[in-house]
Colleague: 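This is the structure I want to talk about, given as structure tokens.
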Amino acid sequence: MAKHTAHARHARDGNRPSKPGAGDTDSTSAGSEGFAGGLVASVGEHLTGRRRFLGYLLAAPTVVAAAQLGESLLGSQTAGAAQPVPSNPQVADNYDLSDAIYDAAKPTSDLITVQVHSDGTVSHEMVRTEVGQGVQTAIAMLIAEEMDIPIEKVNVTHAPARPELVWNQLTGGSTAIGSQFTPVRVAAAIAKGRLLDAAAAKWDLAKSELTAHAGRILRPSGQALSFGELAEAAAVTENEKVSAELKPESDFKVIGKPQRRVDAMDIVTGQKEFATDMDMPDALPTMVCRPPTINGTVKSVNNADEVQNMPGVTDVATITTGVAVRARTFGQCVDAIHALDVSWNGGPVEGTSDTSIEKELKDAHPPWVIPGTPGTKAFEREYTFAFTNNAPLEPATAIADVKEGSAEIWAAAKLPITAQGEIASLLGLPVTAVTFNVIGSGGSFGRRLFNDGPLDAAEASQKMGKPVRLMWHRADEYRQGRGRPMQVSKIRAFHDGEVVHSLENRYTSVFTDFGHGFGDLMAQYYTSVNPDTPLATNPGSGLAVSQAIFELTAVWPYSMGPTKQLLMEVRQPTESPGTEHNLTTFNTTAMRQVYNPNVVAAQELFVDELANEMGRDRYEFRREFAKDDKFREVIEKVAEAGNWGRSLPDGVAQGIGVHEEYKQHAACLVEVDCRPETVNRKIPGGTTGPRVLRVVFVSTVARHLVNPLGAEAQLQGGIMDGISLAQTNSLHLKDGAFLEGSYDDFRYTRQWNVPTDVKVILLPEDSEAEVGGFGEVGVAPTCAAVACAIGAARGSYPHYLPISHNAGIPFEVKPHDPPIPQSPTNGLEHYPAPAKASEETSLNP
Amino acid sequence: MPEHSFTVNGRQVTVDIEDDVRMLWVLRDVLGVTGPKYGCGINVCKACTSHYNGRAFNPCSVPVSKIGPDDEITTIEGLPDTVGSDLHPMQEAWLEHDVAQCGYCQPGQIMAAVDLVKKLHAEGRDVTDADIDTNMRNVCRCGTYYRIRQAIKDGAERMKGTKKGG
Ligand code: FES
Ligand code: FES
């Protein structure tokens, strides 16, 4: 590999081991601190009690109120100024400590604002990313609540990357709403206070005589001024530090009530804009011809001129990840990719397969450390989980316009500041020359923690000297994209037939890439609360970061004596940053709920098998061994609501899964039909198999659930993920490449596997739990419950998930060279099933 | 470059484009009609589902040369006009049940649902779960399937009240 390429690749990879991340997806309840440690901390200073906060009025033509998002960058705090060196050393080349200190010196630079406009609307640029989890709706609710304005008048958009926010512009770990709960309301409260002041001055009345209602300020006589009429009068000419009192919870009329999504109308009418929908006629469609094996590289392009002259094609350029082609339409990009003759270097995982990686994982299990005690018997099981893929329906996309000395990007990103820094570094520009505009995405599930699309787009635009509208093909996503890698969970308990005396879990995974952006945060916060973590002694180690994340999220919910859960990872990046061939492993990410879908599925399968071994009812066993009252409560509730033990036909069985995450305790009960007539039902091109008939999901709720309707939606979505992970959804690895190329191959849940009865029960708010978030917690208990029910129905428990994975390859593998399939031409004759699928018989596990 | 004429959402258009370019790209990249989404390009995910002369089809898998001057293409943007209203009853049902999460699949879901219900109503049938199992192949990676089922059944009832929707 040429030196030049190696550096480019290094600049682009996300594998630098010392930069961890956290989970994915976010949801609709709130608390005062984010998962990853103190994201919210406080807003200004608390003055009197919990409801009075300091903020600012900013100089502007209409009233703009601001709250400090976090305390880390307040100018007077020297510790804060010294810490936030942006996480990426390539970034520091351009945006260094002095820039950070400079930014920190601006006392209002890290504020978030609420602005009132003359037309009576209120706007806010959120510093979280809407990926479908509903954060935009929840933030609009917070503003509507605090300002007493109808939610239709609140416009919440995405802020561009704001490097001065450092750790405060990230979306992950189900923290989005929790982290914004206070600062957004403080800014809104200050704005409303100022409108009240302006009205009081106009009418020459005391502020206390006035009230705000439905976007207007009312005086006792009934006379009213709208927010819009007051917006200019309320403006200030110099920044002013002010205080505001938040509405008491007892007065909430919006927060905690079901609210439909604010973007629903745009969505159902086709108006919602994703990155590739943007009206920028010069940004022509661009795709990348990618290597046939994972992370392979271009050796030579043998017919670039010929391809360049194809109809519609404007440019062909080699970039780090392959050969980029730009054309009038994406269809012509596909044609160009098919016509390209490229010689490739093999990738770093060439020759690997499902079996070889499974063996590596099993060989890496450290030995057991907890010995058996006299009179006890060992019970041991091992569970394997296949590779999977984030597969958001919108693939990686971005628009990039790179000019001499500057660049502007439009794309979805959960870590926009990281994206901006990586792009600056790749293009050789200062961070300040890169504008990164955040666009809401068509799903994430961990995908948008990495900026593969924006980086491809920026590099292609720079090489071509033209704006590009870049998109990954679906097949690219499966074959070169990201997901949760293969993992093996090995569990051993010692029991005496009555009681379990000890429990040990050896959990081994392929390297999980937590990327840039979370590393410093983890190093600072987690090592201070847990000085024993390997991360404290070994801050540069990717494994230590992974272990820290694992420690932060793995919770064995049962009292089973001394309990030890330990993570090991294989296939860490083998060379350190700055050296050649840094991209030496699989492309992975913190996929929705990170390790836990598999950790919990193994845990609950093991508990089922152990209960059976000890001759106990699987529910009673869980209830009795529940570690605390909250676990016991959700186990009892789910059994009651799901009618545990009711009589079911042979081949239909129940299963339970239990988990705690983000201070919320959850349990899921499912009924799965494994009778042959169900398992063998035919859907053209579809994997059917067992059918989940019924799901009951119970969760405790942390304080300040903002939108119950959104929380329910997140759980319903998580339930579908759980079903697919247990049954159908995986990637097959063969000869260093993944075989899947379409959704019919990849087999995420489709309607034919959806239960027709799904009940989500949210318990009353738990006053002890400050932090919440429902973006992820639906997945693991459901995956576990489905796997357990299938085991019970069949009388033999699965030890490899999804259960379909080793039942053969029920699809024709699409070629890897060219890397993407050509579009069919017979769509008018084949609807709804594609032609190929109509001929195929489905293969059932 | 060959010229192709047809109707999109009630508007007669002519495009200069090679014969084999698939309709999804003609709509999105040439005409700027971005309601139909790309999710696979091979007639699997159904994110691009639109209507061809009133019946569902997947424009990612149909070359523009197969579309003639008398053919009418309807995308999500043109759906309300087919019932002479601001919103199609199926879109209303989607709002009522707050179906969408990220929203990327939903234009295709709605177009597929309308087609399914129209077909069943023409046969004098109501939509069943089994119909949804086999006909609604649209992927929703956010997992909104459960609300989609509720919305389809609700939308089907609402469509009975509209003239052309039934
Ligand atoms: S993009 Fe047309 S079916 Fe997937
Ligand atoms: S709502 Fe996101 S893919 Fe369906």
Side-chain angles (χ1 to χ4, degrees), chain A residues 131-134 260-261 263-265 267-270 272 274 276-277 279 285 311-312 328-332 334 391-394 441-443 445 471 473-474 683 709 713 716-721 742-744 748-752 754 756 758 821 823-828 830-834, chain B residues 17-18 20-22 25-26 29-30 32 34-35 37-47 52 55-63 66 75-77 80 87 91 94-95 98 100-107 110 112 129 132-137 139-147 149:
Chain A
V131 295
Q133 84 280 48
R260 296 193 179 93
R261 295 180 61 102
D263 54 358
M265 181 63 85
I267 289 171
V268 305
T269 55
K272 178 162 175 163
F274 299 93
T276 52
D277 298 338
D279 185 16
R328 186 180 175 207
T329 66
F330 280 110
Q332 288 157 324
V334 173
L393 190 55
E394 182 199 15
S441 77
F445 321 104
M471 183 175 84
H473 194 279
R474 173 61 44 202
I683 297 283
L709 193 61
Q716 288 170 338
I719 286 166
M720 298 308 153
D721 279 25
S742 85
Y743 275 108
D744 279 352
Y748 178 73
T749 304
R750 304 277 279 274
Q751 283 289 10
W752 53 82
V754 169
T756 51
V758 176
S823 297
T825 54
N826 56 9
L828 288 180
H830 296 278
Y831 182 89
Chain B
I17 191 89
E18 285 71 19
D20 62 348
V21 175
R22 309 302 190 268
W25 311 122
V26 173
D29 301 340
V30 181
T34 55
K37 303 299 179 205
Y38 165 87
C40 71
I42 55 169
N43 202 355
V44 167
C45 77
K46 307 286 158 183
Y52 163 77
R55 294 308 313 273
F57 84 120
N58 290 101
C60 67
S61 301
V62 178
K66 292 204 178 174
T75 69
I76 188 75
E77 290 95 333
L87 279 180
Q91 291 170 309
W94 241 252
L95 293 175
D98 201 37
Q101 288 187 26
C102 80
Y104 196 81
C105 73
Q106 303 296 351
I110 292 169
D129 280 315
I132 294 174
D133 281 1
T134 38
N135 291 287
M136 289 296 295
R137 296 183 68 94
V139 172
C140 176
R141 175 62 181 88
C142 297
T144 66
Y145 296 113
Y146 185 68
R147 290 190 185 177
R149 278 179 188 261

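Here is the naming used below: chain letters follow the sequence lines, and residue numbers restart at 1 for every chain. What you see is a predicted model; the values in this text were computed from it and never measured.
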Colleague: With a 3.5 Å distance limit and no angle check, can you tell me whether A:Gln751 reaches the backbone of B:Ile132 through a side-chain donor-acceptor pair?
Modeller: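 Such a contact is absent between A:Gln751 side chain and B:Ile132 backbone.
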Colleague: Please determine, among B:Cys102, B:Gly39, B:Gly103, B:Gly143, the option with the most heavy-atom pairs under 4.5 Å with chain A.
Modeller: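 Highest number of pairs under 4.5 Å: B:Cys102.
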Colleague: How far does CD of B:Glu77 sit from OG1 of B:Thr34, to the nearest 0.5 angstrom?
Modeller: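 So the gap between those two atoms works out to 5.5 Å.
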Colleague: How long is the gap from OG1 on A:Thr825 to NZ on B:Lys66, to the nearest 0.5 Å?
Modeller: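 Rounded to the nearest 0.5 Å, the OG1-NZ separation comes out at 4.5 Å.
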Colleague: Among B:Ala56, B:Cys140, B:Ala112, B:Gly32, which has the most heavy-atom pairs under 4.5 Å with chain A?
Modeller: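 Maximum pair count with chain A is reached by B:Ala56.
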Colleague: So which part of B:Ile17 gets closer than 4.5 Å to some heavy atom of chain A, the side chain, the backbone, both or neither?
Modeller: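 For B:Ile17, the contact with chain A is made by backbone and side chain together.
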Colleague: What residue in B:Val30, B:Asp20, B:Val26 has the most heavy-atom pairs under 4.5 Å with chain A?
Modeller: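 Highest number of pairs under 4.5 Å: B:Val30.
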Colleague: Determine the option with the most heavy-atom pairs under 4.5 angstrom with chain B, choosing from A:Arg750, A:Met720, A:Arg474.
Modeller: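 Going by pairs under 4.5 Å, I would pick A:Arg750.
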Colleague: Which distance, rounded to the nearest 0.5 Å, do you find between the NE2 of A:His473 and the OG of A:Ser742?
Modeller: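 Going from the NE2 atom of A:His473 to the OG atom of A:Ser742 covers 10.0 Å.
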Colleague: If you tally heavy-atom pairs under 4.5 Å against chain A, which of B:Leu87, B:Val62, B:Thr75 wins?
Modeller: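 Between B:Leu87, B:Val62, B:Thr75, the count favours B:Val62.
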Colleague: Taking every non-hydrogen pair under 4.5 Å, which of A:Arg328, A:Met265, A:Met471 racks up the most with chain B?
Modeller: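 Maximum pair count with chain B is reached by A:Arg328.
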Colleague: Highest number of heavy-atom pairs under 4.5 Å with chain A: which of B:Arg55, B:Arg149, B:Met136, B:Lys46?
Modeller: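 Max contact count across the listed options: B:Arg149.
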Colleague: Between chain A and each of B:Asp129, B:Val21, B:Ile42, B:Asn135, count heavy-atom pairs under 4.5 Å; write down the option with the most.
Modeller: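 Maximum pair count with chain A is reached by B:Ile42.
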Colleague: For the CG atom of B:Leu95 and the CZ atom of A:Arg260, what is their distance to the nearest 0.5 Å?
Modeller: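 Spacing of CG (B:Leu95) from CZ (A:Arg260) equals 8.0 Å.
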Colleague: Looking at B:Gln101, is its backbone amide N or carbonyl O close enough to the side chain of A:Arg261 to form a donor-acceptor pair, meaning the two atoms are under 3.5 Å apart?
Modeller: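 Yes.
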Colleague: Taking all atoms of both residues into account, what is the closest heavy-atom pair of B:Asp133 and A:Trp752, and its distance?
Modeller: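 Closest approach of B:Asp133 to A:Trp752, heavy atoms only: O-CE3, 3.5 Å.
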Colleague: At a heavy-atom distance under 4.5 Å, which candidate from A:Gly718, A:Ser441, A:Ala391, A:Pro392 has the highest pair count against chain B?
Modeller: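 So the answer, after comparing A:Gly718, A:Ser441, A:Ala391, A:Pro392, is A:Ala391.
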Colleague: A:Thr276 versus chain B, heavy atoms under 4.5 Å apart: side chain, backbone, both or neither?
Modeller: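 Contact with chain B involves both backbone and side-chain atoms of A:Thr276.
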